[in-house]
Amino acid sequence: MFVGIDVSASRGFDLCVLDEKRHVSLLLKARDLDTLEPILRQFPKTTTFAVDAPSVPSHGLLAGKEYRVAEHELRKLGITLYYTPRTETAAPAWMREGFALYRLLDSMGFPIFSGGEAGSGLTIEVYPHLSYVSLTGTRRGSSSKLEWARAALRRPVHGLPAVADQDALDAACAALTAWHFVNGRWVAYGDAGEGLIVAPYPKTELGHAEAAGADQLSLGFETTSAPRAMRSPHASTFADRVASVVSQIPSGRVATYGDVARWAGKPAGARAVGTVLKTRQFELPYHRVVDATGRPPPHPADAAAKLRAEGVRFDGSKVDLSANRWHGPR
DNA sequence: TCCGTGACGCGAT
DNA sequence: GATCGCGCCACGG
């Protein structure tokens, strides 16, 4: 059996089970890990799990970089993805949930795959966006992500409900990647000691690369051979993730530019957060983003007054960070 | 492209 | 504390 699990920031876990013939035999959502655990315990020892979340914090193997080798390799291939920090405490809430899930699976006898012999009874880390690219051999193009994912799974996965949402599709994609892994049709990116990201081997007969030619991609191990850069025009951008994070800061709480940068996946991008907030005109509670010393932002002009009205405590002209700091997206 | 800019963070002074 | 220098990274000319 092949179990894919999608870990989402705010929507809990999505789980999809595929049988040997890649037919969906179970598709469900679980609010939290406590809800998920009894379900996980029912799977036989030969089950293979695939989790859409980083398996371990970065080991800092890249000089001057925080994130992992796997993430670096994929970015060189034009695949944008999250940045995993060096420590678990610096990670956003959804990543911490993911780490806890890997630990739980390990304690149940499904250790993380870290190179060597592929096979059942393991847990692999996957990244559905990468798997979709591998499966189709194309970048997303102009269709929505939902349509792109649905199209990529149509042939290889049987019995997927038409109403399946993005999280469910990603869980199914993860399970399908586990199937590829066990059946010898896979590649892995990253450093074996620091966490490998597994994807279906590109251009298999399951892939059915529809759009041959211009959009054809080469995704292999040869990351030094400078493969053609591929940029998805509608991928989740840093600016979008910043907007998402800032929109979630509750009234009466504040976050620093650095906090927002971390939770948007770029721990060193604090300054860029300022650039984004200045440049892009989102409907956002800008006044709740303060600098690392607690100084309210220059815009809106009445930021401090707004914060006081929300009950935020001040120490002189600066926010008392220890009393009012928000601790990240659920 | 490349390069200057800035609603940042951090360690040094 | 305040300020400075430097690294960081998205934007825009």
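Quick note on labels: first sequence line is chain A, next is B, and so on, each numbered from 1. Side chains are part of it too, since the values below use all heavy atoms of this structure and drop only hydrogens, waters and symmetry mates.
Below the 3.5 angstrom threshold, one finds no donor paired with an acceptor across the side chain of A:Y286 and the base of B:dA7. Counting distance only, with no hydrogens placed and no angle test, the side-chain atoms of A:R271 and the base atoms of B:dG9 include no donor-acceptor pair under 3.5 Å.
Annotation: A:F181 is in aromatic contact with A:F113 [ring centroid separation under 6.0 Å].
Taking CZ of A:F49 as the start and CD1 of A:I112 as the end, the distance is 13.0 Å to the nearest 0.5 Å.
One atom, NZ of A:K266, and another, P of B:dG9, lie 17 Å apart when rounded to the nearest Å. Regarding A:D259, its CG atom lies at a distance of 10 Å from the P atom of B:dC10, rounded to whole Å. The distance between atom CH2 of A:W263 and atom P of B:dC8, rounded to the nearest whole Å, is 18 Å. Spacing between atom CZ of A:R262 and atom C1' of C:dC8 amounts to 14 Å, rounded to whole angstrom units. Atom P of nucleotide B:dA7 and atom CG of A:D302 are separated by 18 Å, given to the nearest angstrom. Between A:H299 atom NE2 and B:dA7 atom C1' the separation is 8 Å, expressed in whole Å. A:L321 has its CG atom 11 Å from the P atom of B:dC10, to the nearest Å. Atom CG of A:L307 is separated from atom P of B:dA7 by 19 Å (rounded to the nearest Å).
The side chain of A:K318 places no N or O atom within less than 4.0 Å of a non-bridging phosphate oxygen (OP1 or OP2) of C:dG1.
The A:A268 side chain lies nearest to C:dC8 when the options are C:dC8, C:dC11, B:dG6. Among the nucleotides B:dA7, B:dG9, C:dC9, the one closest to any side-chain atom of A:T256 is B:dG9. Closest to the side chain of A:P297, out of B:dC8, C:dA10, B:dA7, is B:dA7.
Projected onto DNA chain C by closest heavy-atom contact, A:G269 and A:D315 fall at different nucleotides, the more 5' of which corresponds to A:D315. The residue among A:T275 and A:D291 whose nearest nucleotide of DNA chain B is located toward the 5' end is A:T275.
The pair A:K318-A:D315 fails the salt-bridge criterion, with no side-chain N (NZ, NE, NH1 or NH2) lying under 4.0 Å from an Asp/Glu carboxylate O.
Classified by interplanar angle (parallel below 30°, tilted 30° to 60°, perpendicular above 60°), the ring pair A:W179/A:F2 is perpendicular.
Between the side chains of A:S322 and A:D320, at least one donor N or O lies within less than 3.5 Å of an accepting N or O.
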